[in-house]
Amino acid sequence: MAKKPGIPKGTRDFTPEEVTKRNYITGIIKTQFQRYGFQPIETPSFENSDTLLGKYGDEGDRLIFRILNSGDFLRKAKPDHLENRDSNAMASDISEKALRYDLTVPFARYVVMHQNEIDLPFKRYQIQPVWRADRPQKGRFREFYQCDADVVGSNSLWQEVEFVKLYDAVFHELGLKGVTIKINNRKVLAGLAEIIGAADKLIDFTVALDKLDKIGEEGVKKEMLEKGLSEQAIERIQPLFAFEGSNEERLDQLEAMLKTSEEGMKGVEELRFIFSNVSALGVLAANLEVDVTLARGLNYYTGAIFEVGAPEGVAMGSIGGGGRYDDLTGIFGLKGVSGVGISFGLDRIYLVLEELGLFPESVTENTRVLILNFGEAEAFYGMELLQQLRNKGINAELYPDAAKMKKQMNYANKRNIPYVVLAGTQEMNDATYTLKNMSNGEQDTLKQQELLDKLT
RNA sequence: GUGGUUGUAGCUCAGCUGGUUAGAGCGCUGGAUUGUGGUUCCAGAGGUCGCCGGUUCGAACCCGGUCUUCCACCCCA
């Protein structure tokens with residue numbers, strides 16, 4: 001026998017049940033995206049390398065899957081690159097395409113290329129797979145789906161308010177309570193770095209701060225010292241390590257710290273706007289939290305930063321994230337267009353819903369009625385009913401073989417089919433059908449029209 | 001990319017310091033039961049012990065490599 005086939009690390013096949021459940025999630029996300037006024041687009045699964053490279057930082061570049069050129073590509077490679085075993089330089093000689101790493105950069109590219117045909121503000125959503133050459137772990141794959149909604153061409157903070165509401169609406173409809181929407185602002189982080197005289201060390205400063213819940217206060221201070229921040233500087237941000245109280249109280253504390261930083265004050269003001277308005281409008285399923293340690297995606301975010309954490313007790317990284325980029329399309333030559341957006345991590349949301357048992361029973365119900373097969377003549381009689389059921393929009397099927405009843409019944413059980421129709425010689429003689437409810441075992445012998453009425 | 005971890009039947013897992021023919025539960029197939037499933041009882045099928053190589057009289061077990069899983073770091077959905 002041939003060697004057993006396999007699939008690449010970090011990729012998965014999906015069974016019918018898994019696809020059905022995934023469709024349930026994306027269906028809800030899609031519906032809410034549309035309800036909030038977003039329009040769908042799609043972009044290619046691979047882009048020109050220079051569209052992607054350099055957009056996600058050095059770490060990001062490392063994780064981009066690159067596509068080998070066709071043909072005798074080595075012949076065109078620069079001899080000195082080959083000679084020196086210079087992988088990075090070689091890579092650009094022999095590869096000019098790469099797999100999509102996220103949906104935001106391709107979207108920025110899309111906006112620039114289609115700038116003459118789109119009206120700003122442009123609100124689009126996009127649900128497609130992305131690829132990262134990461135080392136897989138639970139909830140971390142090398143191929144996974146992102147569900148993004150972004151707006152370009154509006155500086156209004158009402159967009160941020162809308163996105164928080166959108167997050168909340170989706171998680172509420174999924175029945176996922178207790179998610180935490182964490183919000184921060186790049187300007188606040190920049191302000192903090194500024195008041196401690198470390199404006200040039202913003203990234204090091206925030207990366208260290210981001211680890212607070214993981215390595216604790218001492219760990220963060222140690223890392224900051226290693227990165228060259230002074231003792232006095234760290235002393236000035238001491239209040240951050242004991243940040244408590246309501247969101248309003250936290251904002252008050254932040255404001256007190258940032259009084260001397262114009263940029264920092266602007267960030268606090270923006271956070272206040274978002275929080276006060278979202279609070280006044282109300283949330284259904286999520287907790288809102290000011291989190292000054294949140295520092296995701298700092299390579300590009302310039303204003304709001306969002307991250308959604310799974311409910312307490314579920315070991316899962318973030319299930320969503322987003323933020324604002326003041327100059328989203330600038331990298332592709334279209335200046336002064338601001339963008340803000342959020343993303344849902346489909347694969348992680350799936351794992352969370354599965355762990356919490358939140359998929360409705362009805363989600364996996366595909367066929368509603370199974371007609372049992374007792375033989376050729378009976379099958380034809382069943383087919384007549386089948387057509388009527390399908391005309392009424394009821395998912396129905398006939399068991400293809402005149403197998404033992406036990407086998408046919410078991411098939412219905414395993415497929416989670418709620419109704420079975422028995423149509424044998426008795427029913428044919430009386431022009432009736434016997435409808436059996438598989439969950440409680442009750443059955444009725446009915447005329448065709450009665451049966452149809454009962455199921456619609 | 002760094003360090004570690006896991007892999008035995010379709011699934012979840014036993015398998016002693018290396019020693020005949022590798023086990024269990026669940027599931028699957030058939031029967032008890034020719035038009036009534038889920039419960040019960042009986043029988044049966046199913047494994048190159050992830051893969052390649054090494055040590056040994058002898059390897060599921062020891063060693064090396066490789067793939068995969070999960071974990072920590074990095075980063076992230």
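Chain identifiers are assigned alphabetically (A, B, ...) following the order of the sequence lines, protein sequences preceding nucleic acid strands; residue numbering begins at 1 within each chain. Note that the coordinates shown come from a computational prediction; the quantities given were computed from them, not determined experimentally.
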What orientation do [X] and [Y] show, parallel under 30°, tilted 30 to 60°, or perpendicular over 60°?
X        : Y        : value
A:Tyr381 : A:Tyr433 : parallel
A:Tyr110 : A:Phe122 : parallel
A:Phe306 : A:Tyr167 : perpendicular

*Is the base of B:C75 touched by the side chain of A:Arg132 through a donor-acceptor pair closer than 3.5 angstrom?*
no
Sugar-phosphate, base or nothing in reach of [X], heavy atoms under 4.0 Å:
X        : result
A:Gly322 : nothing
A:Thr104 : nothing
A:Gly320 : sugar-phosphate
A:Gly441 : base
A:Glu143 : nothing
A:Gly57  : nothing
A:Phe141 : base

*asked:* Within the supplied structure, the quantity of interest is the number of heavy atoms (other residues, nucleotides, ligands) at a distance under 6.0 Å from A:Glu365 CD; does it exceed 12?
replied: yes
*asked:* Is it the case that atom CZ in A:Phe46 sees more than 12 heavy atoms from other parts of the structure closer than 6.0 Å?
replied: no
Closest listed nucleotide, where the reference is the side chain of [X] and the choices are [options]:
X        : options             : value
A:Met438 : B:G37, B:A77, B:C28 : B:G37
A:Asn413 : B:C74, B:A77, B:G38 : B:G38
A:Glu59  : B:U36, B:C71, B:C75 : B:C75
A:Leu422 : B:G35, B:C75, B:C28 : B:G35
A:Thr434 : B:C75, B:G35, B:A77 : B:G35
A:Gln426 : B:C75, B:C74, B:G35 : B:G35
A:Met405 : B:G35, B:C71, B:A77 : B:G35
A:Asp134 : B:U29, B:C75, B:C71 : B:C75
A:Arg135 : B:C76, B:G37, B:G1  : B:G1
A:Leu63  : B:G30, B:C75, B:G1  : B:C75

If I pick the [atom1] atom on [M] and the same atom on [N], what distance separates them, to the nearest angstrom?
N     : M     : atom1 : answer
B:C61 : B:G7  : C1'   : 14 Å
B:U12 : B:C74 : P     : 31 Å
B:A9  : B:U55 : C1'   : 30 Å
B:U69 : B:C11 : P     : 15 Å

*Taking all atoms of both residues into account, what is the closest heavy-atom pair of A:Gln408 and A:Asp401, and its distance?*
NE2-O, 3.6 Å
Would you kindly give the [atom1]-to-[atom2] distance between [X] and [N], to the nearest whole Å?
X        : N     : atom1 : atom2 : result
A:Asp347 : B:C76 : CG    : P     : 18 Å
A:Lys414 : B:G37 : NZ    : P     : 14 Å
A:Asn440 : B:U39 : CG    : C1'   : 17 Å
A:Arg62  : B:C75 : CZ    : P     : 10 Å

*Dot-bracket notation for RNA chain B, counting Watson-Crick and G-U pairs under 3.5 Å, with | for partners on another strand*: ((((..(..((((.....[...)))).(((((.......))))).....(((((..]....))))))..))))....
[X] vs [N]: side-chain N/O to OP1/OP2 distance below 4.0 Å:
X        : N     : answer
A:Lys211 : B:C73 : no
A:Lys406 : B:G38 : yes
A:Gln443 : B:U36 : no
A:Lys404 : B:G37 : no

_Any residue meeting side-chain contact (heavy atoms from CB on, under 4.5 Å) with A:Leu240, in chain and number order, not counting sequence neighbours_ = A:Leu192, A:Leu209, A:Ile237, A:Phe243, A:Leu254, A:Met257, A:Val292
Would you check if the side chain of [X] reaches a backbone N or O of [Y] as a donor-acceptor pair within less than 3.5 Å?
X        : Y        : result
A:Glu427 : A:Gly424 : yes
A:Arg100 : A:Thr43  : yes
A:Asn247 : A:Val290 : yes

So which protein N/O to nucleotides 64-67 of chain B N/O distances come out below 3.5 Å?
none

*Under the criteria of a ring-centre distance below 5.5 Å and an interplanar angle below 30°, is A:Tyr145 stacked with the base of B:A77?*
no
*Are A:Phe344 and the base of B:A77 stacked, counting only ring centres nearer than 5.5 Å and planes tilted under 30°?*
no
*Hey, are the side chains of A:Leu99 and A:Ile67 touching, using non-hydrogen atoms and a 4.5 Å cut-off?*
yes
_ring pair (Phe, Tyr, Trp, His ring centres under 6.0 Å) evaluation trace for A:Phe163 with A:Phe38_ = CA-CA 11 Å; A:Phe163 280 121; A:Phe38 293 87; 5.7 Å; yes
